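Just so you know, these numbers come straight off a predicted model, no measurement behind them.
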Amino acid sequence: MIDPKYLRQSAAEVAANLARRGYPFDAEAYLALEERRKTLQIETEDLQSERNSSAKNIGKAKAEGEDIAPLLTAVKDMGDRLAECESALQEVQGQLRDIELDLPNLLDDSVPDGKDESDNAEVRVWGEPTELGFEPRDHIELGENLGMIDFEAASKISGSRFTVMSGPLARMQRALIQLMLDTHTEEHGYEEKYVPYLVQTDALIGTGNLPKFEEDLFRTATETPYYLIPTAEVPVTNLARDTIFEAGELPKHYVAHTPCFRSEAGSYGQDTRGMIRQHQFEKVELVHFVAAEESMAALETLTGHAEVILQKLELPYRVVALCSGDVGFGSAKTYDIEVWLPGQQKYREISSCSNYNDFQARRMKARRRNPETGKPELIHTLNGSGVAAGRALIAVMENYQNDDGSIRVPAALQPYMGGLKVIS
RNA sequence: GGAGAGAUGGCUGAGUGGUCGAAAGCGCUCCCCUGCUAAGGGAGUAAGGGCUAAUACCCCUUCGAGGGUUCGAAUCCCUCUCUCUCCGCCA
């Protein structure tokens with residue numbers, strides 16, 4: 001959520017910023033509604049104040065044994081007027097809130113302009129696209145030939161966009177997760193979290209997934225709905241909800257491994273083959289809670305932590321800064337890490353690292369006490385995949401494949417696989 | 001699933017219709033006192049919102065959540081949620 005105060009004071013600037021995303025913000029309509037809110041709120045609070053003082057007077061008169069009947073008739077119709085004002089105010093505030101919850105975050109100035117993915121700016125490249133010396137197979141062919149990926153079995157059980165993996169390949173995904181968790185906790189100082197995979201509405205409003213993106217989520221049919229998490233970001237970031245961190249408690253660095261569930265509505269026809277885009281996938285997620293002035297530096301740090309995983313796996317990748325048209329709803333700035341996939345001869349997203357600044361914090365009421373002023377202020381939240389395990393598995397398979405269809409186990413993973421060197 | 005108890009400020013805990021945003025204690029901050037320490041004395045110490053140039057006044061809201069009764073609700077009524085204890089069940 002954008003600061004409503006800033007919104008009403010600088011609606012034109014907000015509109016200009018959001019226009020970079022291609023988001024049309026009707027500043028005039030908003031300001032008109034805001035003007036109405038102001039009038040109603042002042043009127044309502046005046047009436048409340050009046051009610052409070054007359055109630056107090058009645059109490060006082062009664063205590064002194066005076067006749068309170070005339071006082072009661074004087075305030076008789078006030079209740080109705082107040083109720084009217086209150087409900088009108090509530091209505092307008094609800095409308096404003098609906099608009100505010102729908103607005104994406106303001107973009108950081110450093111975000112490059114652009115329309116879509118093709119305008120993203122390459123920031124750095126690590127390694128070189130793998131030269132195999134033979135015609136590369138993609139992970140589907142590799143997995144099926146090894147008999148360790150079974151899309152048919154998955155579809156029999158659950159339909160499309162699911163995978164069944166077997167034996168050493170299943171183990172390799174687990175090994176990747178272990179490597180990531182161990183690296184982030186032992187080398188990067190993160191605290192590991194185990195969190196719920198089902199969350200309620202408020203948590204998703206806090207991170208910005210609701211109310212706008214309900215169709216992306218799986219929801220249970222229970223009386224109070226639960227949602228399957230689309231990313232660990234949702235439960236982990238919500239750890240900060242309704243809290244005030246004391247001086248010295250920040251920054252917080254959390255890492256969590258969870259499965260992620262996405263309906264992939266609207267992505268029909270994209271990556272339909274293989275396990276690039278699944279309804280269910282495994283991911284290790286990094287989350288930072290920091291003071292406002294530290295978040296831009298934290299974004300660099302967090303991205304670097306994710307990169308270390310690919311470096312350990314010796315997988316070629318590049319980092320791109322998402323352009324204004326491609327940055328996600330709640331993010332002020334995002335780096336994507338893209339890993340080289342020989343099967344596609346392309347870099348593909350394997351991690352997305354974002355600075356949400358105070359966007360989620362405002363929705364969640366996540367604050368810190370500023371040691372200088374003693375006052376609570378909103379923290380900044382960041383998150384990034386460190387990294388997506390399913391896609392990391394694909395990357396290992398395709399980059400470490402041999403001509404005979406076997407797959408070498410990266411050195412960094414061998415300790416997690418009982419010393420296994422080749423999957424065949 | 002059954003039975004019972006409870007939810008108040010950073011914490012403990014009082015408060016059953018009126019000057020209660022809330023006693024008291026603890027904690028914390030500042031000041032005084034003491035050669036230092038300990039002890040002691042004094043003052044302060046919730047969050048959100050509105051108005052505003054203002055983090056100054058002033059005003060509003062909030063005692064688990066949502067409704068209701070009332071001129072007035074932490075206090076009375078209804079619904080819900082959560083926590084704890086005991087029993088049952090269970091990985």
Checklist line | Short N-O contact, Asp358(A) and Arg362(A), less than 4.0 angstrom | finding: yes

Next item on the list: Report the secondary structure of RNA chain B in dot-bracket form, marking unpaired bases with a dot and bases paired to a different strand with |, and treating Watson-Crick or G-U pairs with both distances under 3.5 Å as paired.
Entry: ((((((((.[[[..)..(.....]]]((((((.......))))))(((((.......))))).[[[[[..)....]]]]])))))))....

Note to self: Between Asp271(A) and Arg348(A), does any NZ, NE, NH1 or NH2 come within less than 4.0 Å of an OD or OE carboxylate oxygen?
What the structure shows: yes

Notebook entry, point to check: Looking at the side chain of Ile42(A), which of A54(B), C51(B), A47(B) is the nearest nucleotide?
Noted result: C51(B)

Notebook entry, point to check: How many Å lie between CZ on Arg8(A) and P on A53(B), as a whole number?
Noted result: 13 Å

Notebook entry, point to check: Taking atom C1' in both C63(B) and C20(B), what distance in whole Å separates the two?
Noted result: 10 Å

Checklist line | Under 4.0 Å protein heavy-atom contact, by nucleotide of nucleotides 56-83 of chain B - B base, S sugar-phosphate only | finding: ---BSS---------BS-----------

Check: Any side-chain N or O of Arg369(A) under 4.0 Å from OP1/OP2 of U45(B)?
Finding: no

Note to self: Can you measure Arg97(A) atom CZ to G48(B) atom P for me and round it to whole angstrom units?
What the structure shows: 15 Å

Item checked: Set of residues satisfying side-chain contact (heavy atoms from CB on, under 4.5 Å) with respect to Lys193(A), sequence neighbours excluded -> Glu191(A), Val195(A), Leu239(A), Tyr254(A), Ala256(A)

Checklist line | side-chain contact (heavy atoms from CB on, under 4.5 Å) against Leu146(A), all qualifying residues, sequence neighbours excluded | finding: Met148(A), Ile407(A), Ile423(A)

Margin query: With the threshold set at under 4.0 Å for non-hydrogen atoms, list the residues of residues 27-39 of chain A touching RNA chain B in residue-number order.
Written below: Arg37(A), Lys38(A)

Check: Side-chain contact, heavy-atom cut-off 4.5 Å: Arg124(A) with Glu307(A)?
Finding: yes

Check: Any Lys/Arg nitrogen of Lys365(A) or Asp242(A) sitting under 4.0 Å from an Asp/Glu carboxylate oxygen of the other?
Finding: no

Notebook entry, point to check: Which value, in whole Å, describes the distance between the C1' atoms of nucleotides C80(B) and A7(B)?
Noted result: 14 Å

Check: Roughly how far apart, to the nearest Å, are C76(B) and G9(B) at atom C1'?
Finding: 24 Å

Next item on the list: Taking only Lys NZ, Arg NE, NH1 and NH2, and the carboxylate oxygens of Asp or Glu, determine whether Arg262(A) and Asp216(A) approach each other closer than 4.0 Å.
Entry: no

Can you give each donor-acceptor pair under 3.5 Å made by side-chain atoms of residues 375-392 of chain A, sequence neighbours left out, with the distance rounded to 0.1 Å?
unit_1, atom_1, unit_2, atom_2, d
Glu377(A), OE1, Asn370(A), ND2, 3.0
Glu377(A), OE2, Arg368(A), NH1, 2.6
His380(A), ND1, Ala292(A), O, 3.3
His380(A), ND1, Ser295(A), OG, 2.8
Thr381(A), OG1, Gln360(A), OE1, 2.7
Asn383(A), ND2, Glu233(A), OE2, 3.3
Ser385(A), OG, Ser352(A), N, 3.2
Arg391(A), NE, Ile276(A), O, 3.0
Arg391(A), NH1, Glu349(A), O, 2.9
Arg391(A), NH2, Ile276(A), O, 3.0

